[in-house]
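What you are looking at is a predicted structure, and each value in this text was computed from that prediction instead of being measured. In listed order, ligands and their atoms are each counted from 1.
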Amino acid sequence: MIELAHVTRAYRLGPNEVRALDDVTETIDRGEHVAIMGPSGSGKTTLLNVLGCLDAPTSGSYRLNGREVAELDEAERSHVRRKEIGFVFQTYHLVPRLDARANVELPLLLDGLAPDDRAARATEALEAVGLADRVTHRPSELSGGERQRVAIARALIMDPGLLLADEPTGNLDSAAGGQILQLMDDLHAEGKTIVTVTHDPTVARHADRVLVLIDGRIAHRLHPDDVAGLADLFEVRRAGR
Ligand SMILES: Nc1ncnc2c1ncn2[C@@H]1O[C@H](COP(=O)(O)OP(=O)(O)OP(=O)(O)O)[C@@H](O)[C@H]1O
Ligand SMILES: [Mg+2]
C-alpha cells in the first residue's frame, strides 16, 4: 500500500538545511496499523503529510497503491487525497459555524450528490461513531471526544483505504481517548490501513508495530509491547545533549 524509498524532506533556511525526513525507507502493508513515535521535531508530522500527499519529498520515492505520487498531476493528487486518504488531527479541524452533520458532509460537496443523499450519508457516518443524537450540534456544543468522533466520521465519509491520524487523542482525557482508540481498533478490524502519530505508549499499543523517528530517521522499529520505556529513553537523550 505504502512504499517509501530513501525519502528526504529538506528545508533550506538561509545557508542551513534542515532535514525533517532523512533517507526514510519503509513499507506499510494494506490493513496494517502503524504507530509513529519520536521526540518533538523528529519529523512525525512531516512524514504524515508526505503520506497524505499534502507535502512532497525533496528526494526519494513514495508509491501509494502502486503509483508514484510525484508523477501524478495536481488534479490526480487531489483526487487521491479526497478518495483514498482520511485525516484526523489533534485539534479536530471542524468548522465552528457548521453542525456535526454539515461538517461530515464537507468532503461530499464536490461529488454532485443531492442534498438529501448527502445528509443521509453524513447521518449514517455519525451513527457509526456513536453520535446519532448529536447530528445538529455545533462543535462548541460537543465534548472533545465527540468532536474527534465527528472528525473521524468526516475522515471516513469517502470510505478511504488509508487513515492518517496526528495525535488523535492528544487533547482528550483517558475515557474519551479510549473511545477513539476503540473506534480505531474497529476500523483496523475492518481492514483499513492506519498510521497514527502519538507520544502516548497506550495509543501505540493499539498498533501492529511502532516506528521511532529521531532526527528525521527511523531509528527503531519496535513491537508495541516494548514502547513503555521510550519516554525515558528520550528523556535520557535530552539530558545528554
Ligand atoms: N516549513 C518548515 N520550514 C523549516 N523547517 C520546518 C518546517 N516544518 C517543519 N520544519 C522542521 O522539520 C522538523 C520536523 O518537524 P515536524 O513538524 O515533522 O516534527 P514532529 O515530530 O511532528 O514534532 P512535534 O512532536 O512537536 O509535533 C523540525 O525540526 C521542524 O522545525
Ligand atoms: Mg507534529
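Contact between Arg9 and ligand 1 is absent, with no heavy atom of the residue lying under 4.0 Å from the ligand. Look at Gly38 and you'll find every heavy atom at least 4.0 Å from all atoms of ligand 1.
When the side chains of ILVMFWY residues are joined at heavy-atom separations under 4.5 Å, either directly or via intervening members, Phe87 and Val50 end up in a single hydrophobic cluster. Transitive grouping of hydrophobic side chains (ILVMFWY, heavy atoms separated by less than 4.5 Å) brings Val24 and Leu164 into a common cluster.
For atom 28 (C) of ligand 1, a protein heavy-atom neighbour is present inside the 4.0 Å cut-off. There is no protein heavy atom less than 4.0 angstrom from atom 31 (O) of ligand 1.
Within the 2.8 Å limit, Thr45 places at least one N, O or S atom next to the Mg ion (ligand 2).
In summary, the atoms of ligand 1 found under 4.0 Å from a heavy atom of Thr46, numbered by their order in the structure, are 14 (C), 15 (O), 16 (P), 18 (O). Every atom of ligand 1 is numbered from 1 in the order shown, and the set under 4.0 Å from a heavy atom of His199 is 25 (O).
Scanning all protein heavy atoms for the shortest distance to atom 5 (N) of ligand 1 gives Tyr11 CD1, 3.3 Å. The protein atom (non-hydrogen) at minimum distance from atom 11 (C) of ligand 1 is Val18 CG1, 4.2 Å. Among protein heavy atoms, the minimum distance from atom 25 (O) of ligand 1 is reached at Lys44 NZ, 2.7 Å.
Partners of His188 according to the ring pair (Phe, Tyr, Trp, His ring centres under 6.0 Å) rule, which considers only residues two or more places apart in sequence or in another chain, are His33.
Compare Leu13, Thr45, Ile36, Asn16 by their heavy atoms: the one nearest to atom 17 (O) of ligand 1 is in Thr45. Around atom 19 (O) of ligand 1, the closest heavy atom drawn from Ala20, Ser40, Gly41, Ala10 belongs to Gly41.
A donor-acceptor contact closer than 3.5 angstrom is absent between the side chains of Asp99 and Thr136. At a cut-off of 3.5 Å, with distance as the only test, no side-chain donor of Ser61 or Glu3 sits close to an acceptor on the other residue. Looking only at atom types and distance, the side chain of Asn65 has a donor-acceptor partner in the side chain of Arg30 under 3.5 Å away. For the residue pair Thr202/Asp200, the side-chain donor-acceptor check at 3.5 Å is satisfied.
Across all non-hydrogen atoms, the minimal contact from Ala153 to Ala125 is CB-O, 3.8 Å.
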